[in-house]
Amino acid sequence: MKYEAVVIDASYHEENDETIINLFCRTKEGISLTARVHGFDPYFYLVSPPDKVIDELKNDKDVKKIEKYTLFVRGIERECAKVTIRYPYKVPEYRKNVPEGACLAADIPFHLRYFFDADLSLCVEIEGNDVDAETKSKYTTDIVLDVEKISPATPFKVPLTVFSFDIENSIRENRIYVISYAIRKGNELIKDAIWSDTDDEREIIERFVEVIKKYDPDVITGYNIGGYDIPVLTERAKSNGIKTLNIGRDMGTFSVSQERFWRVHGRVVIDVWMAVKLRLRPKQETLNFVAKMLLGEEKDDVNRLKIDEEWKNRREDVIRYCIKDAELALRILEELAEINRGMDIAAVAHLPLDDAINGRTSTLIDSLLIREADRRNIGVPMNKYGGSETPIEGGYVHSIQPGLYHWVIVCDFKSMYPSIIISKNICFTTLSEDGEIESPTGVRFLSKERRVGIVPSILERLMAQRDEFKKKAKRAESAEEKAYYDGLQNAVKILMNSFYGVFASSFYRFTDKKIGGAITAFARENIKNVIATLENEGIKVIYSDTDSVFFQSPYKNLEEAIKFGEEVAGRFSKEGMSLEFERILEPFFSHGKKKRYVGKAIWPKEEIVIRGYETRRTDAFDWQSEALMEVFDAILNSKDEKELKAKVISRAKKLIEMTLNGEVPIEKLVISRSVRDFESYKDASRLAHVEVAKQIMAEGYEFIPGMKVSWIVVDARKTPQKVEPYIEGKEFRSKPDYEYYARRVAMTLSRVLEVFGYDEDSLFTGSRQTSLASGSLDSFEVEEKRDEKPQQKKKPTLEDFM
DNA sequence: GAACACTGCTTACCT
DNA sequence: ACAGGTAAGCAGTGTTCT
């Protein structure tokens with residue numbers, strides 16, 4: 001029988017003195033399948049090993065084979081020994097006895113080592129034989145095969161079974177009352193809950209395990225399961241004398257890898273909270289807040305703080321509430337398309353789904369790079385941990401003069417760092433003192449003619465692949481097909497842009513700081529050259545950040561501005577570097593600080609573009625963001641200075657006055673911030689957000705490091721300022737410090753408004769402004785900005801507005 | 001003693 | 001355990017002005 005399937009997760013285990021690799025799959029037909037691979041042994045390389053070492057290894061009963069290889073290591077060909085051993089778990093023992101740098105490829109997870117060597121990808125074609133009944137009983141999948149033949153298959157999509165769960169347990173004694181679940185299987189949504197009339201906890205857990213076995217899900221998910229539900233389940237199973245919680249497809253249990261990352265063989269564990277944090281960046285991260293925001297639905301009304309009484313008095317409601325939680329988490333995950341995204345990354349990085357979703361960025365790069373290195377007999381060094389080096393210099397950011405500008409053209413280099421790597425042949429395999437390509441840092445790389453770097457060639461391939469997917473998306477005949485290719489091209493883009501980061505990191509196996517430094521140096525040189533050239537032509541360059549350049553169009557009409565933008569973009573696109581004409585902003589405003597601007601895009605589509613400002617920040621309170629937004633609206637839409645002033649000054653004053661008078665809904669004053677592990681702070685005792693986290697824990701609410709907490713400032717005159725937690729659904733009784741809030745609003749608005757002084761010429765010209773005497777506009781004075789070093793100015797105070 | 005300047009720590013953002 | 005560059009708020013400390 002031949003199966004086409006996606007590899008959900010891969011693991012290995014010992015069986016009768018043999019290491020077996022398990023590939024846990026879901027087939028095209030929707031069958032769950034375990035493919036068992038026999039006969040693959042772990043190995044590593046030793047660089048120029050002394051004869052003595054080889055002799056020792058030859059006599060080692062755990063060493064199966066020693067072969068000679070010539071590998072390219074640190075710039076030259078070296079004699080190496082490939083050492084094949086019996087057990088994967090023994091590899092660390094061998095590598096720790098070898099001097100640094102003399103051991104290669106001894107830190108690659110064994111299941112990935114196999115994946116790379118067999119050149120597999122997310123989608124595979126498997127042929128094999130059914131195993132005997134006894135072996136089959138060790139797995140939960142529909143089919144268990146011993147693999148005869150396996151090969152990569154062209155990517156396809158398979159609907160996965162996703163299992164979301166939620167636990168309600170007693171606060172007093174930790175005991176589990178109910179476990180609910182919501183399962184997506186095809187188009188079906190199955191919802192139910194497990195509890196016991198006699199409150200037999202062991203029975204609840206055992207029935208939960210049965211449900212997992214029955215539905216055999218590919219993904220286990222839930223809201224905050226990593227920090228809460230899984231630890232509770234694991235602990236309660238232990239307390240009940242359950243030896244292994246057979247959740248895995250190999251009947252294994254959860255294991256924790258690095259702090260809060262849970263894994264279980266055969267399934268992908270996804271914490272919806274993590275996905276939400278990453279994709280949505282919401283102001284608050286509670287399930288209720290996110291569900292409301294994303295699905296327009298709220299949780300049922302059960303008081304979790306009084307769960308013991310609730311369970312006694314309104315059991316049905318608690319069960320319903322619990323089911324709803326599991327369902328909401330599932331639907332949020334679907335809304336975020338997190339699994340699809342993971343499948344796309346896995347497909348282009350050629351990894352099992354779990355490694356693509358829960359793995360590190362370096363794993364994605366490893367997957368491409370190690371295969372290519374092996375093909376070309378290039379030694380694969382190990383990652384080097386510890387040792388923090390001096391950071392390399394990053395991107396160039398052009399300082400920005402405060403003001404309102406018109407007809408601003410934005411261009412940016414497409415995939416700038418990957419383009420530089422390709423065009424300058426930057427790679428650890430081309431790094432050489434007698435290279436012909438010299439970076440501004442003085443580091444040299446060999447020309448393509450002498451040696452094509454493996455990183456540049458991989459990136460070139462990815463670029464071509466991305467173009468191909470883009471073409472297919474364009475030609476797609478259905479919306480579904482278009483979305484499919486669009487997902488893949490986006491995954492390739494993410495992958496390409498991840499290369500620079502790992503090469504600039506201090507621990508990655510192929511990293512050399514000289515490489516990362518050379519990339520950014522070329523980038524700075526390039527963008528500075530664009531800026532200088534434009535300025536020489538008399539074009540006013542307004543701003544630039546890393547790979548983008550904002551400049552004023554000499555033409556104040558759409559048709560000619562577009563033509564000009566296209567002309568500039570075309571002119572600076574060369575040597576594989578493509579400058580793209582991104583948009584026209586009319587008008588464009590900044591108060592003179594880098595990474596903060598706002599503009600009205602009029603081409604290619606109409607939209608408001610805001611970067612950096614409080615409206616983008618999750619730690620600003622809504623009232624502050626909304627007030628600033630009103631000001632931006634006025635700035636972007638006023639016909640002239642008079643209209644702007646008429647609109648905005650009195651309105652700003654009014655908003656601040658309202659704040660001072662407490663005429664603000666309390667929920668618009670909520671401030672939220674993330675809180676790390678308490679131990680990680682230098683001095684946690686005076687940080688408002690940390691105090692809030694401690695307080696909500698003391699009140700019995702869930703808090704897990706990394707979570708956002710919310711509060712309201714009630715007295716800012718005290719040091720440290722006095723704050724109180726703000727908890728949804730709980731009435732806030734204290735009085736906010738309205739003066740504090742008014743001052744914060746005043747600060748935010750004045751930063752922007754002080755750009756507009758009384759000098760009529762300076763307004764709406766976008767030209768550099770001259771210093772203005774403050775006049776009847778209260779404190780909205782404008783100061784001259786000179787190059788990099790802005791002068792210190794007097795802080796505007798609340799009184800300035802009154 | 002209030003006001004201010006400056007530093008260190010912290011978070012979130014931009015590319 | 002993918003990078004660096006940047007703004008801004010708060011606490012603490014030292015300095016200056018009143």
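Numbered from 1 within each chain, the chains take letters A, B, ... in sequence-line order. Please read all numbers here as calculations on a predicted model, not as lab measurements.
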Legend entry - Residue closer to the 5' end of DNA chain C, A/V713 versus A/S498 (nearest nucleotide):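 Final value for this comparison: A/S498.
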Inset, instruction - Encode nucleotides 10-15 of chain B as B, S and - characters from 5' to 3', where the letter depends on protein heavy atoms closer than 4.0 Å: B to the base, S only to sugar-phosphate, - to neither. - result: SBBSBS
Legend entry - B/S/- contact track for nucleotides 13-18 of chain C, protein heavy atom under 4.0 Å: ------
Legend entry - Contact under 4.0 Å: A/R751 side-chain N or O vs C/dA8 OP1/OP2: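 Checking A/R751 against C/dA8: at least one side-chain N or O falls below 4.0 Å of OP1 or OP2.
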Inset, instruction - Indicate whether OP1 or OP2 belonging to C/dT6 is found under 4.0 Å from a side-chain N or O atom of A/H398. - result: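 Answer no for this pair, as no side-chain N or O of A/H398 is under 4.0 Å from OP1 or OP2.
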Inset, instruction - Start with the C-alpha gap between A/Y405 and A/F550, add the side-chain angles, then the distance that decides, and say whether ring pair (Phe, Tyr, Trp, His ring centres under 6.0 Å) holds. - result: CA-CA 11 Å; A/Y405 300 85; A/F550 295 54; over 10 Å; no
Just call it for [X]: base, sugar-phosphate, or nothing, with non-hydrogen atoms closer than 4.0 Å on any strand.
X: A/E393; result: sugar-phosphate
X: A/F413; result: nothing
X: A/I392; result: sugar-phosphate
X: A/G394; result: sugar-phosphate

Inset, instruction - Taking A/R596 for its side chain and A/G612 for its backbone only, find out whether a donor-acceptor pair lies under 3.5 Å. - result: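 Yes; judged by distance alone, with no hydrogens or angles, the pair exists.
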Inset, instruction - May I ask you to say whether A/E372 pairs ionically with A/R461, meaning some side-chain N is under 4.0 Å from a carboxylate O? - result: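 Salt bridge between A/E372 and A/R461, a charged N being under 4.0 Å from a carboxylate O: yes.
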Inset, instruction - Mind listing the closest non-hydrogen atom pair of A/S680 and A/R676 along with its distance? - result: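 Scanning both residues, the minimum pair turns out to be OG-NE, 2.9 Å.
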Legend entry - Heavy atoms from other residues, nucleotides or ligands near NZ of A/K283 exceed 12 (cutoff 6.0 Å):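 Counting neighbours around NZ of A/K283, more than 12 heavy atoms of other residues, nucleotides or ligands fall under 6.0 Å, so yes.
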Inset, instruction - Indicate whether the side chain of A/R371 and that of A/S367 have a donor and an acceptor atom separated by less than 3.5 Å. - result: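 There is such a pair (donor and acceptor under 3.5 Å, judged by atom type) between the side chains of A/R371 and A/S367.
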Inset, instruction - For the pair A/F632 and A/F589, name the ring-plane relationship: parallel under 30°, tilted 30 to 60°, perpendicular over 60°. - result: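 Correct class here is tilted.
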